[in-house]
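Down below is the structure, laid out as C-alpha cells.
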Amino acid sequence: MSVRHLLPVAALAPLGALVPAAPAAARVLARTADVDAYALTAGRVWSVVAVLLGLVGVVLGGLALARSTGRIGTGSGRGGAVAALVAGAACAVIGGLVVAAAEGGPGTGYGIVGGFIALAVGLIAMLLGGLTLARARRTG
C-alpha cells in the first residue's frame, strides 16, 4: 500500500471506533431527571467538545485555503486541508450522535442545540478542506 493511500486510511481509522460506540453513547447521553438551565450535562459537554473541534477545523481550513491562494506563506496547504477534513468529520459525527441521542428539545439538557451547531460547523470545516484540496490539485 502506497503512502498516498495510507494517509487517508490512517486519518479515517479513528472514526471507525465511533460507529460501535454509538449505542453506548446513546445510553450515556440519555437523561431522565429535570436539569437546571445552566447545568453541565453529558450531552452539553459532548456538544461543546464537538463545536470546539469543528472550530479548530474551520480555522485550519481557512488558513490552508489562504495558503493555497498564496496570501500567506508558500505551498499548497494540503496538510491543513486534510486536518480540516478530519476535524470536520469528527465534529459532524459527534454532533450527529448528540442529536440522535437527544430525547427532548432545546433546554432539556441533552445538548441538541449544540449538536446541530456542531453539524453545521463540521460541514463548514469539511467544505473548506475540500475546497483547499481541489484548489491544490488544480494548481499543483
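Keep in mind that this is a model prediction, so the values were computed, not measured.
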Quick check on the hydrophobic clustering: are [X] and [Y] connected, directly or via other members, by side-chain heavy-atom contacts under 4.5 Å?
X      : Y      : answer
Val51  : Leu127 : no
Ile117 : Val58  : yes
Ile124 : Phe116 : yes
Leu123 : Leu133 : yes

Closest approach of [X] and [Y], non-hydrogen atoms and distance?
X      : Y      : value
Ser47  : Gly115 : CB-N, 3.6 Å
Gly130 : Leu85  : N-CD2, 3.8 Å
Gly129 : Ala84  : CA-CB, 4.2 Å
Tyr110 : Ala102 : CB-CB, 3.7 Å
Met126 : Ala92  : CE-CB, 4.3 Å
Ala50  : Ile94  : CB-CG2, 3.6 Å

[atom1]-[atom2] distance between [X] and [Y], expressed to the nearest 0.5 angstrom:
X      : Y      : atom1 : atom2 : value
Leu128 : Leu60  : CG    : CG    : 10.5 Å
Arg135 : Thr132 : CZ    : OG1   : 7.5 Å
Glu103 : Ile112 : CD    : CD1   : 10.5 Å
Leu119 : Leu97  : CG    : CG    : 9.5 Å
Cys91  : Leu52  : SG    : CG    : 9.0 Å

Requested in this report: Report the C-alpha separation of Thr41 and Val45 in whole Å, then their side-chain angles, then the decisive distance to 0.1 Å, and conclude whether the side chain to side chain contact (heavy atoms under 4.5 Å, CB included) test is met.
Outcome: CA-CA 6 Å; Thr41 62; Val45 168; over 6 Å; no
